[in-house]
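Accompanying notes for the structure given below.
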Amino acid sequence: MMNFRFAVNVTPKPGILDPQGRAVEGSLGHLGIVGVSGVRVGRRVELTVDAADEAAARAVVERLAAELLSNPLIEAYDVELLGEASSMVGPGGGAVGEG
Amino acid sequence: MMNFRFAVNVTPKPGILDPQGRAVEGSLGHLGIVGVSGVRVGRRVELTVDAADEAAARAVVERLAAELLSNPLIEAYDVELLGEASSMVGPGGGAVGEG
Amino acid sequence: MTVADLPIEPLHHRLGVTDEELDAIRDRLGGRDPNDLELAMFSVMWSEHCSYKSSKALLRTLPTAGEGVVAGPGENAGVISIGDGLAIAFKIESHNHPSAVEPYQGAATGVGGILRDIFTMGARPIAVLDALRFGDPADPRTRHLLDGVVRGVGGYGNCVGVPTVGGELVFDPSYQGNPLVNVMAIGLLEERHLTLAAAPGPGNLVVLFGSATGRDGIGGASVLASATFTHDDPSKRPSVQVGDPFAEKLLIEASLELIERGLVEGLQDLGAGGITCATSETADRAGTGIVVDLDAIPRREPGLAPFEVMISESQERMCAAVRPDRWPEVREVCQRWGLPVAIIGRVTADGDIAIVQGGLDPDGRPAPGALELARVPAAALTSDAIVYERVATPPTHRRDAPAPGAPASVSDRLPERGMDPGAVLLALLGSPGLSSRRAVYEQYDSTVGADTVAGPGRGAAVLRIKGTSRALVASTDGNQAVGRFDPWLGAALSVAEATRNVSITGARPLGVTNCLNYGDPTRPEAFWQLAEGVRGLGDACRALGLPVTGGNVSLYNESPTGAIAPTPEIGVVGLLDDVATLVGPAFRQAGDAIVLVGETTPGLAGSAYATLAGVAIEDDPPGLDLAREAAIQAFIRKAIGRGLVASAQDVSGGGLAVALAECAMWGGLGARVRVAQVGSPAVALFGESPSRLVLSCRALHAPALELLAHQHGLPVERIGSVGGGALVIESGAGGATGAAEERGSGVADALEVPLGNLRHTWDHGLARALGWEG
Amino acid sequence: MPVRVGVVVFPGSNCDRDTLHALAMAGAEPVALWHEQATLEGAAAVVLPGGFAYGDYLRAGVIARFSPIMRAVAGFAASGGLVLGICNGFQVLAEAGLVPGALLRNASLRFTGREVSISAERLDTAFTHALVAGGPLRMPVAHGEGCYYADEATLDALERDGQVLFRYVDPSGELVGPDHPANPNGSLRAIAGVMNAAGNVAGLMPHPERAAEAILGSADGMGIVRSLVESAAKAAAAPARPARPAPPAELAAPAQFGAAVS
Ligand SMILES: Nc1ncnc2c1ncn2[C@@H]1O[C@H](COP(=O)(O)OP(=O)(O)O)[C@@H](O)[C@H]1O
Ligand SMILES: [Mg+2]
């Protein structure tokens, strides 16, 4: 068995209204930021999978992404392998994405 | 001027309680999924920046991420260059992440 | 990380413990020095927030006995019997400093904390009221804080399914650097299920259930809640607590099931001070001790130091004393609700809190090879904590500079001259302080529970009690505007208004809870304000015959921009025996008579009008006659009981004109009234002298109403009648006298404003002030 | 003999007691159904109540959809059983694919709790027949994710096939556009409630159970509750259907799948 850490990025499908994205664009002015467009706000879920190999791990993540993490009517997703969890997981498994 | 498409991934800081991640983990049993752990749920914001060069574009995104898109008290973020927007933006700029 | 890694020197100072307190601790430990863990425990329990070391002596002076009181100060919440075997639990608490650091989570965990205080007693929470105070609504930081706090209150309350039925939203410059977030909760219980926060019975198990323990709010009690706050201080960042309303909802259901099935001997929520506070308070109340099995405490993350586990403020946790034979059932209930549960210790007879690493044997004694990391008398941490007699010194000048917006000197801008009363009325109705709060309370679920008869927006909240004809009526009020000039009066007025709001529905106030928000008690002037506030609170409650059943004290409400105006936040719950008799503030039908009860007295300082138009330097706030206030509340309850009253509103912010405008707008009915002038038009129309009511009644009931008022020794005047599409106020020929006369102002013009204008101005004022609306 | 109507209790449901109360007032025998049980205890109709099942984390209703009882509910629905989802219950039904469409975050991006007016598009359904024709119905909404969405083709089909059950209207009963304040969440075509094609599964965002007594400001919701109870009574009287446990495929899959992974 091995540990794999994945990220699932879920974004509103093209054409679906994205009020959050619009809200972000709306507030750019206050920050005096120009030249930013096409803002889309979605979800990012990071998780660790125990599996025999990457293919098996991916199968689990794909299923989670399709059935739980995204709603196919309105959202699209992609799966990102972040690496071997053993080398990635901090406390709470959240070490990835430190700013 | 050029177009750059970025993603900002915002995740709960390590050690900060993530009720969403915990709820997802709690529900995995109902999906008959085992071997998944360290679930952290965050946000993913994709956006397009007009700028002279990548460095300038990054500067804008970093500022957005720090001041608007994340809450430094409880969230960490990282910035991902997705590519030249011209080649990436679908309607609403959401073409990235089609599942 | 260990205690030793915390920033700055020396250790007890780093933990906020003074040299004097360290000596007192040694004294409680028979002369020996506390070790690091023990010192951390003392630092939390002896913080102002947990120990009330500066306020205890004052709070002892409050009246706490009253009809039906079954639990008062000292318990998690006050409990009052309402008959039929039912009782209510209610309490108000502050979360000011956490909300200033992280408004969403600060407010959310504030709601979670006060709800736990309610269901810990065996009561199902049925209502929340949020009393919020901020600085300038036009300021970007204020807007950020307000938006976060409102989302936080809603995010938590909406999810747990407790309706937010009322509260307050006040803007005052003194809150600019230090917003106030006070939350009141009300619960309903069967009296036989009343459960106290005690750990009786040596040999009983100490059971922890709810969320696992993480690093949340480490040092929160001693640092966050007790040190003067300067915003964006990074040292406070790691201790932000994150709330999980979903976990709280499960905790409510599991706790109430445990209580209803009689499975727990005592129950205590975990708040400030975490496991240290819960174990020492419950042991001390029962005269027992507790040995804590450190390794048994469920952790959210690895590597927590013992002191972190002992003082962590991780949310959504409860601690119960359980008889060993009931453990299997207790575990089953918690597991069914999806809550981690563990035996984390035993009740002992020795009166000490002992912390053991390495496990306990089946009899609760340290297992072979186990280490005892700490041993402290439970009383030393709680009832025997240090108490201070602080120095109180009145300010040298009792009257501040003119209210905000006031002219520097008595000038031509004085209100009476050339005042257009209609314009002033609209300005008041549209002002951030008096306009509709809809933009805020529509972000709350105010109807879940299917008991809300009157939600937020128009005076006191009313909740029917299913299966009975009765209803609970609740209100929160706090007066900092007058309190800034006279803290005794500010507190007394707060009690008067909160109870009056309940009485004018026909309900009988049952008891008072309070949250005392003041400055740094080590400053003699700030402590004087606190002392005067408590005195005003006690005097008012005695005059009205009401017990103070609980509350909370929040000190050190200061920022670089100064201290807040003293803010005694008062929460009142009343009982209406027959909900069918409920009277509201809205005019009911054209032709009804309008009656003004009470006396208009001079004094504009502290009024909404003063913030708008300014006020003469020599002017004072209006006085309060507590006997008169008691009489007018007794009168209105009797009048409503006899079915004489169609609508009832009290005169408060904005004065008589605003009160009339509200009755008219809400009833969709205009009115024509004539008011005699007292002092000046400004006083007559916009003065806020207390103990006044605007009533409407069928014309044929007017004489009986007036007679009843006289029997209560109250001035009463029939001032007009309901009808038409506008509010028309004419000034009586009483003639301008006194100040107004000297300033050469005549009688003000008549006021005539169409209902549509009143409503539109009132409706949009707040959203516009906050920039939520163009 | 009152008809038995089940109310599913998910962890985080918070309108279950209100719904049981309203059903009892409408003359039913209400029973609470715990989310982990596999049967509906012979209920002739099932209500998924409002609340925040599993905290509504991730997406409102999505986690609850995988609760064990949802298999029984799906099977019950597939065999024609009456199912009503209110607010969060509507979100769960939509996530489970038992009613068409999805519920997005309110256009305002704020939770909205206030009284709205809705009009019933049809008075001949199992959920609306007891409503008296005419005037709009006043009842509260209280949600953060109630913006009804489906693609244009689906919306057209729903309207054509009479699957739109309720729409938000202004207090006078006039239809309004998505940006009108009478539409509390920006729902497309002001849709407040829909049915499945067979007409036995329906969901709506407003709360009829909170508007079932005059003392609470409106009794308009009682007509919906009573419709359900009366329809349930009819169904109970009719010859028993073959209870067909036919859960959607992905709901059947998990068990073996998990094994394969471990
Ligand atoms: N202003 C007050 N008036 C009366 N009682 C008070 C006041 N402040 C605190 N108390 C009582 O002191 C006890 C401890 O207060 P607090 O720590 O806020 O309670 P808890 O620990 O349950 O949050 C409570 O029973 C509370 O009712
Ligand atoms: Mg408590």
Side-chain angles (χ1 to χ4, degrees), chain C residues 124-126 147 150-165 243-254 336-339 438-457 462-467 469 471 579-580 582 763 772-773, chain D residues 9-22 24-25 32 34-37 49-58 60 63-64 67 87-88 106 108-116 139-144 181 184 206-218 221 225:
Chain C
R124 176 170 290 275
I126 58 168
D147 185 64
V150 169
R151 287 180 188 274
V153 169
Y156 207 99
N158 299 342
C159 183
V160 294
V162 179
T164 300
V165 296
D244 180 355
F246 173 55
E248 178 101 338
K249 169 64 174 168
L250 303 177
L251 207 55
I252 293 175
E253 300 305 330
R336 176 154 38 78
W337 286 105
L339 298 170
R438 193 168 50 87
V440 164
Y441 66 70
E442 281 189 353
Q443 297 182 53
Y444 303 146
D445 185 343
S446 58
T447 53
V448 61
D451 291 327
T452 306
V453 174
V462 181
L463 296 142
R464 62 95 178 255
I465 303 172
K466 284 195 192 80
S469 66
V579 68
L582 174 68
D763 233 21
W772 290 353
E773 224 180 64
Chain D
V9 181
F10 297 105
S13 294
N14 65 29
C15 305
D16 44 330
R17 316 163 111 254
D18 311 2
T19 307
L20 291 163
H21 177 74
M25 283 191 304
W34 182 239
H35 74 116
E36 268 173 339
Q37 64 187 67
F52 286 68
Y54 293 92
D56 274 359
Y57 293 136
L58 225 47
I63 298 179
S67 272
C87 195
N88 193 223
N106 296 352
S108 65
L109 293 179
R110 294 182 186 276
F111 184 99
T112 300
R114 61 176 164 95
E115 182 180 273
V116 297
M139 61 190 74
V141 290
H143 59 252
H207 285 277
E209 82 282 10
R210 297 188 196 178
E213 290 164 274
I215 184 71
L216 301 180
S218 167
V225 179

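In the text below, chain A, chain B and the rest are named by the order of the sequence lines, each starting its count at 1. This is a predicted model, so every value here is computed, not measured.
D445(C) places no side-chain N or O within donor-acceptor distance of the main-chain N or O of G113(D), the cut-off being under 3.5 Å.
Open room surrounds CZ on R17(D); 12 or fewer heavy atoms of other groups in view lie less than 6.0 Å from it.
Neither the backbone nor the side chain of S108(D) comes within contact range of chain C; no heavy atoms are under 4.5 Å apart. P11(D) touches chain C through backbone and side chain together, each having a heavy atom under 4.5 Å away. Contact of H143(D) with chain C is not made at all, since no heavy-atom distance falls under 4.5 Å. Residue R151(C) touches chain D through its side chain alone, counting heavy-atom pairs closer than 4.5 Å. Both the backbone and the side chain of T447(C) come within contact range of chain D, with heavy atoms under 4.5 Å apart. With a 4.5 Å cut-off on non-hydrogen atoms, D244(C) touches chain D through its backbone and its side chain both.
Residues meeting the side-chain contact (heavy atoms from CB on, under 4.5 Å) test with A53(D), sequence neighbours left out: F10(D), A64(D), N88(D).
The closest side-chain heavy-atom distance from T452(C) to L216(D) is not below 4.5 Å. With contacts defined as side-chain heavy-atom distances shorter than 4.5 Å, the pair V160(C)/F52(D) does not qualify.
C15(D) and V448(C) make their closest contact through SG-CG2, 4.2 Å (heavy atoms, listed as atom of the first residue, atom of the second, distance). Between G161(C) and N14(D), the shortest heavy-atom contact is CA-ND2, 3.3 Å.
Residue with the most contacts toward chain D among I252(C), V453(C), V462(C): V453(C) (heavy-atom pairs, distance under 4.5 Å). Ranking G154(C), C159(C), P245(C) against chain D, the residue ahead of the rest is C159(C), based on heavy-atom pairs under 4.5 Å.
The aromatic rings of W34(D) and W337(C) sit perpendicular, their planes meeting at an angle over 60°, well past the 30° parallel limit.
Checked for salt-bridge contact, D147(C) and R110(D) meet the test: a charged N lies under 4.0 Å from a carboxylate O.
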(request) Show your working on side-chain contact (heavy atoms from CB on, under 4.5 Å) between Y54(D) and F246(C) and close with a plain yes or no. (result) CA-CA 6 Å; Y54(D) 293 92; F246(C) 173 55; 4.0 Å; yes
(message) Let's go through Q443(C) and R114(D) carefully: what are the C-alpha distance in whole Å and the side-chain angles of both, what is the deciding distance for side-chain contact (heavy atoms from CB on, under 4.5 Å) to 0.1 Å, and is it a yes or a no?
(response) CA-CA 9 Å; Q443(C) 297 182 53; R114(D) 61 176 164 95; over 6 Å; no
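Contact annotation for residues 206-214 of chain D against chain C (heavy-atom separation below 4.5 Å, listed by residue number): E209(D), R210(D), E213(D).
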